[in-house]
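These numbers were taken from a predicted model, which means no experiment stands behind them. Counting starts at 1 for both ligands and their atoms, following the listed order.
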Amino acid sequence: MEDFIQKGTALDAVEAGAMHIENKIDCCVGLGGYPDRDGIVTLDSCIMDHKANIGAVAGLERIKHPVSVARKVMEKTPHVILVGAGAQQFAIENGFTLESAELSGEAKKAYAEWLKKSEYKPVINIENKKQNGPFAPNFFEDGTANHDTMGLVAMDAMGNLSGAVTTSGMAYKLHGRVGDSPIIGAGLFVDNEIGAATSSGTGEEVIRICGTHLVVEFMRQGYSPEMACKKAVERIVKRDAAKAKTLQVGFLAMNKKGQYGAYAIQKGFVFSVKSNNENKIHQSKYLI
Ligand code: ASP
């Protein structure tokens, strides 16, 4: 692991971190995640490197590692986002295996329960405790999952920054809905001169303010990562304070000096940090 930290690239690190969580079938990101309201797991992911190369997939079904498909989009195509059936076709053509469409045991149970009322209601901070990994913005105390995203930002020994995001999106979303996670500037943004940021929570609110791009721009103005995240959270809350009380959004950022920070609307947003000096889970500060 030390070798990996010292010699690998940030791009490889964020992909590996995202793959780690996508591999878990009893979790909350990847094919083990909760389905949309039609009972289908659709995955969103993006990746961005220090040269502003970007790749993303949205609404990808039955492929285990959307982050790696996103990386292939970045490295092998002239495009930046592939969606739905086209993303799946591209993945298969590039050697990814088509996995079963069956829901994981946990997700199957939760979906059956949800169908009784079929009510779309994002619930604050009920992400699955088992979510884990380097530079991860969420894992929580409660046992069940509703919204669930893994966002990672990393800096390598060359001082280069990269980031990746992977998610099954909001549980019970409309089929075809795309959140912030695969949208560069919303769920993830990297500017190798300034810093990198990622987000988790109600994607619609993050997209509305181009959340992670905003965080990076605040860092460009001289704000610390934590203050930059706070100012982006304030932007969401200012628009509709009553609505914000019912939502969770959290931002996580790191600047070029390797300083990091996070801020959320509500209590409960947690992130982990792994470096040569630290291996720790942090509670993010919050506004409400
Ligand atoms: N941001 C994700 C989305 O809106 C969900 C989450 O982070 O919980 O799809």
Side-chain angles (χ1 to χ4, degrees), residues 18 21-22 27-37 40-46 56-61 66-67 70 81 83-84 87 107 110 114 120-133 135-142 144-153 163-189 197-215 229 232-233 236 243-244 246-252 262-266 268-272 284 286:
I21 201 79
E22 289 170 351
C27 195
C28 33
V29 164
L31 292 175
Y34 280 21
D36 63 23
R37 69 174 198 174
I40 302 165
V41 175
T42 63
L43 304 176
D44 297 340
S45 180
C46 72
V57 288
L60 179 63
E61 294 175 30
V67 71
I81 308 182
V83 304
W114 179 80
Y120 179 73
K121 232 193 231 169
V123 180
I124 296 164
N125 287 345
I126 61 167
E127 292 86 346
N128 194 318
K129 192 183 177 183
K130 291 170 195 142
Q131 217 168 342
N132 211 334
F135 308 100
N138 16 278
F139 46 102
F140 288 85
E141 292 309 307
D142 197 288
T144 50
N146 180 279
H147 65 86
D148 42 28
T149 295
M150 176 67 60
L152 306 99
V153 292
V165 181
T166 186
T167 189
S168 51
M170 304 294 284
Y172 319 127
K173 61 194 175 184
L174 281 176
H175 186 64
R177 177 264 190 190
V178 175
D180 57 324
S181 306
I183 310 289
I184 296 294
L188 175 71
F189 197 69
T198 184
S199 64
S200 181
T202 304
E204 284 74 5
E205 300 310 308
V206 178
I207 293 171
R208 216 183 294 289
I209 63 157
C210 297
T212 53
H213 184 262
L214 187 63
V215 170
C229 292
V233 167
I236 293 173
K243 188 177 177 192
T246 69
L247 302 174
Q248 175 66 307
V249 170
F251 292 104
L252 168 70
Y263 223 90
I265 299 180
Q266 321 265 352
F269 183 71
V270 184
F271 62 101
S272 63
S284 152
Y286 53 95

Open item on the list: With rounding to the nearest 0.5 angstrom, report the CD1 to OG1 distance, I265 to T202.
Closed with: 7.0 Å
Task: Element-labelled atoms of ligand 1 that are located less than 4.0 Å from some non-hydrogen atom of G203 - done: 4 (O)
Task: F189 side chain reached by I184 side chain, heavy atoms, under 4.5 Å - done: yes
Open item on the list: Show me which atoms of ligand 1 lie under 4.0 Å from any heavy atom of G169.
Closed with: 9 (O)
Open item on the list: Quick check: closest heavy atoms across A232 and V215, and the distance to 0.1 Å?
Closed with: CB-CG2, 3.6 Å
Open item on the list: To the nearest 0.5 Å, what is the distance between CG on D44 and CZ on R177?
Closed with: 7.0 Å
Task: T167 N/O to ligand 1 N/O under 3.5 Å - done: no
Open item on the list: Can you confirm, on distance only, whether ligand 1 has an N/O atom lying under 3.5 Å from any N/O atom belonging to G179?
Closed with: no
Open item on the list: Taking 4.0 angstrom as the limit and counting only heavy atoms of D180, give me the atoms of ligand 1 inside it, by number and element.
Closed with: 1 (N), 2 (C), 3 (C), 4 (O)
Open item on the list: Evaluate S200 for polar contact with ligand 1, using N/O atom pairs at a separation under 3.5 Å.
Closed with: yes
Open item on the list: Can you tell me how far apart CD1 (I183) and CD1 (I207) are? Round to the nearest 0.5 Å.
Closed with: 5.5 Å
- [ ] Flag T149 as yes when one of its N or O atoms lies below 3.5 Å from any N or O atom of ligand 1, and as no otherwise.
- [x] yes
Open item on the list: Please find the pair of heavy atoms, one from F269 and one from A262, that lie closest to each other, and give the distance.
Closed with: CE2-CB, 4.1 Å
Open item on the list: Would R177 count as a contact residue for ligand 1, given that I'm defining contact as a non-hydrogen atom of the residue lying under 4.0 Å from a ligand atom?
Closed with: yes
Task: Close-contact set for ligand 1 against S181 heavy atoms, below 4.0 Å - done: 1 (N), 2 (C)
Open item on the list: Which heavy atom of V67 sits nearest to which heavy atom of E22, and what is that distance?
Closed with: N-OE2, 3.2 Å
